[in-house]
Number of protein chains: 2
Amino acid sequence: MAEEKLHEAIDAMKNSGVRITPQRHAILEHLIQSMSHPTADEIYKSLEGKFPNMSVATVYNNLRVFKEIGLVKELTYGDSSSRFDCVTTDHYHIICDDCGKIVDFHYPGLDEVETLAEQVTGFRVGDHRMEIYGKCPDCQKSKH
Amino acid sequence: MAEEKLHEAIDAMKNSGVRITPQRHAILEHLIQSMSHPTADEIYKSLEGKFPNMSVATVYNNLRVFKEIGLVKELTYGDSSSRFDCVTTDHYHIICDDCGKIVDFHYPGLDEVETLAEQVTGFRVGDHRMEIYGKCPDCQKSKH
DNA sequence: ACACTATTTATAAACATTACAAAGTAAGAA
DNA sequence: TTCTTACTTTGTAATGTTTATAAATAGTGT
Ligand SMILES: [Mn+2]
Ligand SMILES: [Mn+2]
Ligand SMILES: [Zn+2]
Ligand SMILES: [Zn+2]
(Lines give C-alpha, C1' and ligand atoms only; values in the text may rest on other atoms or scores of the structure.)
(Ligands and ions follow the chains in the order given, each with its own letter.)
Protein backbone atom coordinates (compact mmCIF):
# COMPACT_ATOMS: atom_id res chain seq x y z
CA MET A 1 0.00 0.00 0.00
CA ALA A 2 2.74 2.43 0.93
CA GLU A 3 4.83 0.72 -1.73
CA GLU A 4 2.13 1.35 -4.26
CA LYS A 5 1.81 4.97 -3.30
CA LEU A 6 5.54 5.46 -3.69
CA HIS A 7 5.40 3.99 -7.19
CA GLU A 8 2.57 6.28 -8.13
CA ALA A 9 4.56 9.23 -6.84
CA ILE A 10 7.59 8.18 -8.86
CA ASP A 11 5.45 7.84 -11.97
CA ALA A 12 4.09 11.31 -11.36
CA MET A 13 7.64 12.61 -11.17
CA LYS A 14 8.58 10.90 -14.44
CA ASN A 15 5.52 12.33 -16.14
CA SER A 16 6.44 15.80 -14.91
CA GLY A 17 10.02 15.44 -16.10
CA VAL A 18 11.37 15.60 -12.56
CA ARG A 19 14.48 13.50 -12.01
CA ILE A 20 14.41 10.74 -9.47
CA THR A 21 17.36 11.07 -7.16
CA PRO A 22 18.14 8.96 -4.10
CA GLN A 23 17.37 11.95 -1.90
CA ARG A 24 14.00 12.52 -3.51
CA HIS A 25 13.17 8.86 -3.22
CA ALA A 26 14.05 8.85 0.47
CA ILE A 27 12.12 12.01 1.28
CA LEU A 28 9.02 10.66 -0.44
CA GLU A 29 9.42 7.31 1.23
CA HIS A 30 9.64 8.94 4.61
CA LEU A 31 6.59 11.09 3.97
CA ILE A 32 4.55 8.11 2.86
CA GLN A 33 5.67 5.62 5.47
CA SER A 34 5.59 7.95 8.46
CA MET A 35 1.87 8.48 7.96
CA SER A 36 2.28 11.77 9.78
CA HIS A 37 2.74 15.43 8.98
CA PRO A 38 6.44 16.05 9.47
CA THR A 39 8.32 19.33 9.27
CA ALA A 40 11.18 19.78 6.83
CA ASP A 41 13.61 19.50 9.70
CA GLU A 42 12.06 16.28 10.97
CA ILE A 43 12.47 14.77 7.54
CA TYR A 44 16.04 16.03 7.40
CA LYS A 45 16.91 14.51 10.76
CA SER A 46 15.21 11.21 10.01
CA LEU A 47 17.40 10.81 6.94
CA GLU A 48 20.68 11.76 8.60
CA GLY A 49 21.60 8.10 8.97
CA LYS A 50 21.04 7.21 5.34
CA PHE A 51 22.34 10.51 3.91
CA PRO A 52 24.97 11.96 6.23
CA ASN A 53 25.84 14.65 3.71
CA MET A 54 22.41 15.73 2.66
CA SER A 55 21.82 19.44 2.94
CA VAL A 56 18.74 20.77 4.64
CA ALA A 57 18.30 22.92 1.55
CA THR A 58 17.76 19.74 -0.44
CA VAL A 59 14.81 18.86 1.76
CA TYR A 60 13.28 22.29 1.30
CA ASN A 61 13.97 22.33 -2.43
CA ASN A 62 12.38 18.98 -2.97
CA LEU A 63 9.37 19.61 -0.82
CA ARG A 64 8.76 22.63 -3.03
CA VAL A 65 9.15 20.48 -6.15
CA PHE A 66 6.75 17.90 -4.75
CA LYS A 67 4.28 20.64 -3.96
CA GLU A 68 4.50 22.02 -7.48
CA ILE A 69 3.62 18.69 -9.06
CA GLY A 70 0.88 18.05 -6.52
CA LEU A 71 2.52 15.25 -4.56
CA VAL A 72 2.42 16.97 -1.20
CA LYS A 73 0.54 19.77 0.48
CA GLU A 74 2.06 22.29 2.83
CA LEU A 75 0.30 22.91 6.12
CA THR A 76 1.07 26.24 7.73
CA TYR A 77 0.04 26.74 11.30
CA GLY A 78 0.75 29.51 13.71
CA ASP A 79 3.78 27.80 15.13
CA SER A 80 7.15 28.18 13.57
CA SER A 81 7.54 25.63 10.84
CA SER A 82 5.46 24.23 8.02
CA ARG A 83 4.32 20.64 7.98
CA PHE A 84 3.91 18.46 4.91
CA ASP A 85 1.16 16.04 3.99
CA CYS A 86 1.46 13.46 1.25
CA VAL A 87 -2.26 12.72 1.41
CA THR A 88 -3.46 15.12 -1.23
CA THR A 89 -7.09 14.08 -1.29
CA ASP A 90 -9.34 16.57 0.47
CA HIS A 91 -9.44 16.22 4.21
CA TYR A 92 -9.27 18.36 7.32
CA HIS A 93 -7.12 18.21 10.42
CA ILE A 94 -7.77 18.23 14.11
CA ILE A 95 -4.87 19.40 16.22
CA CYS A 96 -4.12 18.93 19.92
CA ASP A 97 -3.52 22.22 21.74
CA ASP A 98 -1.37 20.42 24.32
CA CYS A 99 0.92 18.07 22.41
CA GLY A 100 0.54 19.26 18.83
CA LYS A 101 -0.66 15.93 17.48
CA ILE A 102 -2.33 16.23 14.07
CA VAL A 103 -5.04 13.78 13.06
CA ASP A 104 -6.74 13.50 9.69
CA PHE A 105 -10.44 13.98 9.65
CA HIS A 106 -12.87 13.66 6.78
CA TYR A 107 -15.94 15.73 6.16
CA PRO A 108 -17.83 16.70 3.03
CA GLY A 109 -16.58 19.96 1.60
CA LEU A 110 -18.11 23.09 3.03
CA ASP A 111 -19.81 24.07 -0.22
CA GLU A 112 -22.48 26.12 1.50
CA VAL A 113 -19.94 28.33 3.20
CA GLU A 114 -18.06 28.85 -0.03
CA THR A 115 -21.22 29.77 -1.89
CA LEU A 116 -22.36 32.20 0.75
CA ALA A 117 -18.93 33.81 0.93
CA GLU A 118 -18.94 34.23 -2.83
CA GLN A 119 -22.31 35.95 -2.77
CA VAL A 120 -21.55 38.21 0.16
CA THR A 121 -18.05 39.29 -0.79
CA GLY A 122 -18.01 39.14 -4.58
CA PHE A 123 -14.87 37.01 -4.48
CA ARG A 124 -14.56 34.11 -6.88
CA VAL A 125 -13.88 31.30 -4.44
CA GLY A 126 -11.27 28.71 -5.22
CA ASP A 127 -10.54 26.94 -2.00
CA HIS A 128 -10.85 26.92 1.73
CA ARG A 129 -9.06 25.59 4.74
CA MET A 130 -10.30 24.52 8.11
CA GLU A 131 -8.72 23.08 11.21
CA ILE A 132 -10.23 22.04 14.48
CA TYR A 133 -8.39 22.51 17.75
CA GLY A 134 -8.86 20.60 20.95
CA LYS A 135 -7.36 18.10 23.34
CA CYS A 136 -6.43 14.65 22.11
CA PRO A 137 -7.46 11.48 24.00
CA ASP A 138 -3.96 10.97 25.42
CA CYS A 139 -3.74 14.49 26.77
CA GLN A 140 -7.23 14.23 28.24
CA LYS A 141 -6.06 11.28 30.35
CA SER A 142 -3.02 13.00 31.83
CA LYS A 143 -4.36 15.06 34.76
CA HIS A 144 -2.16 18.09 34.19
CA MET B 1 -17.83 54.39 16.67
CA ALA B 2 -14.09 53.92 16.37
CA GLU B 3 -13.80 56.42 19.21
CA GLU B 4 -16.10 54.32 21.31
CA LYS B 5 -14.21 51.17 20.57
CA LEU B 6 -10.96 52.79 21.61
CA HIS B 7 -12.52 53.84 24.91
CA GLU B 8 -13.73 50.34 25.55
CA ALA B 9 -10.27 49.01 24.84
CA ILE B 10 -8.73 51.50 27.24
CA ASP B 11 -11.23 50.52 29.90
CA ALA B 12 -10.32 46.88 29.36
CA MET B 13 -6.68 47.77 29.85
CA LYS B 14 -7.43 49.61 33.07
CA ASN B 15 -9.44 46.68 34.36
CA SER B 16 -6.56 44.34 33.58
CA GLY B 17 -4.03 46.57 35.29
CA VAL B 18 -2.20 47.28 32.05
CA ARG B 19 -0.70 50.74 31.89
CA ILE B 20 -1.83 53.09 29.19
CA THR B 21 1.18 54.50 27.40
CA PRO B 22 1.22 56.76 24.36
CA GLN B 23 2.60 53.90 22.29
CA ARG B 24 -0.14 51.53 23.35
CA HIS B 25 -2.75 54.14 22.67
CA ALA B 26 -1.39 54.75 19.20
CA ILE B 27 -1.12 51.06 18.31
CA LEU B 28 -4.69 50.45 19.39
CA GLU B 29 -5.89 53.52 17.58
CA HIS B 30 -4.21 52.39 14.39
CA LEU B 31 -5.68 48.90 14.69
CA ILE B 32 -9.17 50.24 15.23
CA GLN B 33 -9.13 53.03 12.67
CA SER B 34 -7.39 51.13 9.90
CA MET B 35 -10.26 48.62 9.83
CA SER B 36 -7.82 46.15 8.34
CA HIS B 37 -5.60 43.32 9.44
CA PRO B 38 -2.13 44.84 9.60
CA THR B 39 1.14 43.11 10.32
CA ALA B 40 3.31 44.21 13.22
CA ASP B 41 5.64 45.88 10.79
CA GLU B 42 2.85 47.76 9.04
CA ILE B 43 1.78 49.15 12.40
CA TYR B 44 5.36 50.03 13.20
CA LYS B 45 5.84 51.89 9.92
CA SER B 46 2.52 53.69 10.17
CA LEU B 47 3.56 55.14 13.52
CA GLU B 48 7.06 56.20 12.48
CA GLY B 49 5.90 59.77 12.02
CA LYS B 50 4.31 60.11 15.43
CA PHE B 51 6.92 58.03 17.29
CA PRO B 52 10.27 58.32 15.52
CA ASN B 53 12.00 56.48 18.34
CA MET B 54 9.58 53.65 18.88
CA SER B 55 11.17 50.24 18.74
CA VAL B 56 9.65 47.48 16.67
CA ALA B 57 9.91 45.34 19.80
CA THR B 58 7.41 47.64 21.44
CA VAL B 59 4.89 46.82 18.75
CA TYR B 60 5.40 43.11 19.18
CA ASN B 61 5.35 43.33 22.97
CA ASN B 62 2.13 45.27 23.02
CA LEU B 63 0.39 43.15 20.46
CA ARG B 64 1.14 40.22 22.75
CA VAL B 65 -0.25 42.14 25.72
CA PHE B 66 -3.39 43.02 23.78
CA LYS B 67 -3.78 39.41 22.80
CA GLU B 68 -3.47 38.27 26.40
CA ILE B 69 -6.25 40.55 27.58
CA GLY B 70 -8.41 39.65 24.60
CA LEU B 71 -8.26 42.92 22.71
CA VAL B 72 -6.82 41.52 19.52
CA LYS B 73 -6.53 38.20 17.76
CA GLU B 74 -3.50 37.01 15.86
CA LEU B 75 -4.05 35.62 12.37
CA THR B 76 -1.36 33.30 11.10
CA TYR B 77 -1.38 32.48 7.44
CA GLY B 78 1.09 30.67 5.30
CA ASP B 79 2.96 33.81 4.42
CA SER B 80 5.74 35.23 6.49
CA SER B 81 4.17 37.46 9.09
CA SER B 82 1.21 37.40 11.44
CA ARG B 83 -1.66 39.78 11.06
CA PHE B 84 -3.70 41.28 13.85
CA ASP B 85 -7.44 41.78 14.12
CA CYS B 86 -9.08 44.02 16.69
CA VAL B 87 -12.51 42.60 15.89
CA THR B 88 -12.65 39.85 18.45
CA THR B 89 -16.20 38.71 17.84
CA ASP B 90 -16.39 35.45 15.89
CA HIS B 91 -16.00 35.82 12.17
CA TYR B 92 -14.17 34.23 9.29
CA HIS B 93 -11.94 35.65 6.58
CA ILE B 94 -11.82 35.42 2.83
CA ILE B 95 -8.43 36.11 1.31
CA CYS B 96 -7.43 37.06 -2.22
CA ASP B 97 -4.85 34.72 -3.71
CA ASP B 98 -3.61 37.48 -5.99
CA CYS B 99 -3.32 40.62 -3.89
CA GLY B 100 -3.61 39.27 -0.36
CA LYS B 101 -6.63 41.36 0.55
CA ILE B 102 -8.44 40.07 3.66
CA VAL B 103 -12.18 40.59 4.05
CA ASP B 104 -14.33 39.78 7.06
CA PHE B 105 -17.12 37.36 6.51
CA HIS B 106 -19.79 36.18 8.92
CA TYR B 107 -21.27 32.73 9.14
CA PRO B 108 -22.81 30.73 11.95
CA GLY B 109 -20.25 28.59 13.77
CA LEU B 110 -19.58 25.21 12.28
CA ASP B 111 -21.01 23.29 15.24
CA GLU B 112 -21.82 20.21 13.18
CA VAL B 113 -18.26 19.79 12.04
CA GLU B 114 -16.96 20.22 15.57
CA THR B 115 -19.38 17.61 16.90
CA LEU B 116 -18.55 15.11 14.21
CA ALA B 117 -14.83 15.62 14.68
CA GLU B 118 -15.23 15.04 18.41
CA GLN B 119 -17.07 11.78 17.82
CA VAL B 120 -14.73 10.48 15.16
CA THR B 121 -11.41 11.40 16.74
CA GLY B 122 -12.08 11.33 20.48
CA PHE B 123 -10.64 14.81 20.82
CA ARG B 124 -12.36 17.28 23.12
CA VAL B 125 -12.93 20.15 20.73
CA GLY B 126 -12.33 23.70 21.84
CA ASP B 127 -12.15 25.77 18.71
CA HIS B 128 -11.77 25.83 14.98
CA ARG B 129 -10.50 28.08 12.28
CA MET B 130 -11.51 28.49 8.70
CA GLU B 131 -10.47 30.70 5.82
CA ILE B 132 -11.71 30.91 2.30
CA TYR B 133 -9.39 31.67 -0.60
CA GLY B 134 -10.27 33.14 -3.94
CA LYS B 135 -9.96 36.14 -6.20
CA CYS B 136 -11.27 39.49 -5.04
CA PRO B 137 -13.50 41.67 -7.26
CA ASP B 138 -10.65 44.05 -8.09
CA CYS B 139 -8.32 41.27 -9.17
CA GLN B 140 -11.07 39.66 -11.22
CA LYS B 141 -11.34 42.86 -13.27
CA SER B 142 -7.67 43.11 -14.11
CA LYS B 143 -7.13 40.78 -17.07
CA HIS B 144 -3.82 39.35 -15.94
C1' DA C 1 9.06 64.31 45.53
C1' DC C 2 10.04 59.38 46.06
C1' DA C 3 10.13 54.65 45.34
C1' DC C 4 8.71 50.87 42.88
C1' DT C 5 7.68 48.53 39.00
C1' DA C 6 6.16 48.27 34.31
C1' DT C 7 7.53 49.70 29.94
C1' DT C 8 10.40 51.22 26.21
C1' DT C 9 14.41 51.17 23.60
C1' DA C 10 18.40 49.38 21.17
C1' DT C 11 20.62 45.56 20.05
C1' DA C 12 21.71 40.86 19.64
C1' DA C 13 20.06 36.29 19.12
C1' DA C 14 17.09 32.66 17.47
C1' DC C 15 14.80 30.41 13.99
C1' DA C 16 12.91 28.84 9.58
C1' DT C 17 13.51 29.48 4.98
C1' DT C 18 15.67 31.04 0.66
C1' DA C 19 19.54 32.51 -2.47
C1' DC C 20 23.69 31.52 -4.52
C1' DA C 21 27.64 29.41 -6.71
C1' DA C 22 30.43 25.45 -7.23
C1' DA C 23 30.58 20.49 -7.53
C1' DG C 24 28.20 16.37 -8.67
C1' DT C 25 24.89 13.36 -11.06
C1' DA C 26 20.59 11.47 -13.73
C1' DA C 27 19.03 10.52 -18.15
C1' DG C 28 18.90 10.59 -22.93
C1' DA C 29 21.87 10.68 -27.29
C1' DA C 30 25.58 8.92 -29.85
C1' DT D 1 29.16 2.25 -22.96
C1' DT D 2 30.59 6.82 -23.02
C1' DC D 3 29.39 11.57 -23.67
C1' DT D 4 26.82 15.64 -22.92
C1' DT D 5 24.11 18.66 -20.72
C1' DA D 6 20.84 20.38 -17.91
C1' DC D 7 19.21 19.44 -13.51
C1' DT D 8 20.36 18.59 -8.67
C1' DT D 9 22.86 18.67 -4.48
C1' DT D 10 25.71 20.75 -1.26
C1' DG D 11 27.65 24.21 1.83
C1' DT D 12 27.24 28.53 3.13
C1' DA D 13 25.60 33.08 3.38
C1' DA D 14 21.66 35.93 3.47
C1' DT D 15 16.91 37.09 4.55
C1' DG D 16 13.01 38.18 7.33
C1' DT D 17 10.25 37.68 11.36
C1' DT D 18 10.05 37.28 16.10
C1' DT D 19 12.05 36.92 20.74
C1' DA D 20 15.49 37.79 24.50
C1' DT D 21 18.18 40.89 27.08
C1' DA D 22 19.69 44.70 29.70
C1' DA D 23 19.90 49.47 30.45
C1' DA D 24 17.23 53.69 30.31
C1' DT D 25 12.74 55.73 30.95
C1' DA D 26 8.26 56.75 32.62
C1' DG D 27 3.55 55.64 35.10
C1' DT D 28 1.41 55.07 39.50
C1' DG D 29 0.55 55.12 44.30
C1' DT D 30 2.55 56.81 48.77
MN1 LIG E 1 -3.40 15.02 6.65
MN1 LIG F 1 -11.28 40.20 10.69
ZN1 LIG G 1 -2.36 15.77 22.87
ZN1 LIG H 1 -7.18 40.79 -5.02
Side-chain angles (χ1 to χ4, degrees), chain A residues 9-30 37-69 71-84 100, chain B residues 9-30 37-69 71-84 100:
Chain A
I10 288 173
D11 283 345
M13 289 171 69
K14 281 180 183 161
N15 293 338
S16 309
V18 171
R19 288 186 186 166
I20 292 135
T21 66
Q23 293 88 340
R24 282 180 178 162
H25 192 282
I27 293 169
L28 271 177
E29 197 172 41
H30 176 83
H37 304 82
T39 63
D41 201 60
E42 282 166 5
I43 296 171
Y44 172 65
K45 285 191 166 52
S46 80
L47 298 178
E48 262 182 344
K50 216 178 283 183
F51 295 87
N53 296 320
M54 183 166 63
S55 167
V56 71
T58 299
V59 178
Y60 280 100
N61 287 342
N62 288 328
L63 287 170
R64 181 173 347 122
V65 170
F66 296 158
K67 232 173 49 179
E68 281 164 6
I69 62 179
L71 285 181
V72 306
K73 283 186 175 171
E74 184 173 2
L75 312 177
T76 56
Y77 301 122
D79 64 346
S80 37
S81 41
S82 287
R83 299 186 162 273
F84 295 86
Chain B
I10 288 172
D11 284 345
M13 289 172 70
K14 281 180 182 161
N15 293 337
S16 308
V18 171
R19 288 185 186 164
I20 293 134
T21 66
Q23 292 90 340
R24 282 181 178 161
H25 191 281
I27 293 169
L28 271 177
E29 196 173 41
H30 176 82
H37 304 83
T39 63
D41 202 59
E42 282 167 6
I43 297 171
Y44 172 64
K45 286 193 165 51
S46 81
L47 298 178
E48 263 182 343
K50 217 179 286 185
F51 296 86
N53 296 319
M54 183 166 64
S55 166
V56 71
T58 299
V59 179
Y60 280 101
N61 287 340
N62 289 329
L63 286 169
R64 182 171 350 120
V65 169
F66 296 158
K67 231 171 53 178
E68 281 163 5
I69 62 179
L71 285 181
V72 307
K73 283 186 175 171
E74 185 174 1
L75 312 177
T76 56
Y77 301 123
D79 63 346
S80 40
S81 40
S82 288
R83 299 185 162 274
F84 295 87

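Numbered from 1 within each chain, the chains take letters A, B, ... in sequence-line order.
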Under 4.0 angstrom, heavy atoms only, what part of the nucleic acid is [X] near: base, sugar-phosphate, or nothing?
X	value
A/T58	base
B/D41	nothing
B/S82	sugar-phosphate
B/S81	sugar-phosphate

Check whether any side-chain nitrogen or oxygen of [X] sits under 4.0 Å from OP1 or OP2 of [N], and answer yes or no.
X	N	answer
B/Q23	C/dT9	yes
B/Y60	D/dT18	yes
B/R24	C/dA6	no

Rounded distance (nearest 0.5 Å) linking atom [atom1] of [X] with atom [atom2] of [Y]:
X	Y	atom1	atom2	result
A/E29	A/I10	CD	CD1	8.5 Å
A/N53	A/Q23	CG	CD	10.0 Å
A/L28	A/I20	CG	CD1	9.5 Å
A/N62	A/H25	CG	NE2	13.0 Å
B/D41	B/S82	CG	OG	12.5 Å

Sugar-phosphate or base contact per nucleotide [nucleotides 21-30 of chain C; S, B, -; heavy atom under 4.0 Å]: ----BBS---
Looking only at non-hydrogen atoms, find the nearest pair between [X] and [Y] and report the distance.
X	Y	result
A/R24	A/F66	O-CZ, 3.8 Å
A/R83	A/H37	NH1-O, 2.7 Å
A/I69	A/M13	CD1-CG, 3.9 Å
B/F51	B/P22	CZ-O, 3.6 Å
B/L63	B/F84	CD1-CE1, 3.5 Å
A/T58	A/M54	CB-CG, 4.0 Å

Rounded off to whole Å, could you give me the [atom1]-to-[atom2] distance for the [X] and [N] pair?
X	N	atom1	atom2	result
B/R83	D/dG16	CZ	P	16 Å
B/I69	C/dT7	CD1	P	10 Å
A/R64	D/dC7	CZ	P	15 Å
A/I27	D/dT8	CD1	P	12 Å
B/L63	C/dT7	CG	C1'	15 Å
B/N62	D/dT19	CG	P	13 Å
B/H25	C/dT7	NE2	C1'	17 Å
B/K14	D/dG29	NZ	P	11 Å

Terminal helix-axis angle for the helix from C/dA1-D/dT30 to C/dA30-D/dT1, with five pairs defining each axis and rounding to 10 degrees: 30°
Side-chain touch B/H30/B/E42, heavy atoms, less than 4.5 angstrom: no
Restricting both atoms to N or O, compile the protein contacts to nucleotides 11-13 of chain D shorter than 3.5 Å, with distance only.
residue : atom : partner : partner atom : Å
D/dG11  : OP2  : A/N53   : O            : 2.9
D/dG11  : N7   : A/S55   : OG           : 3.3

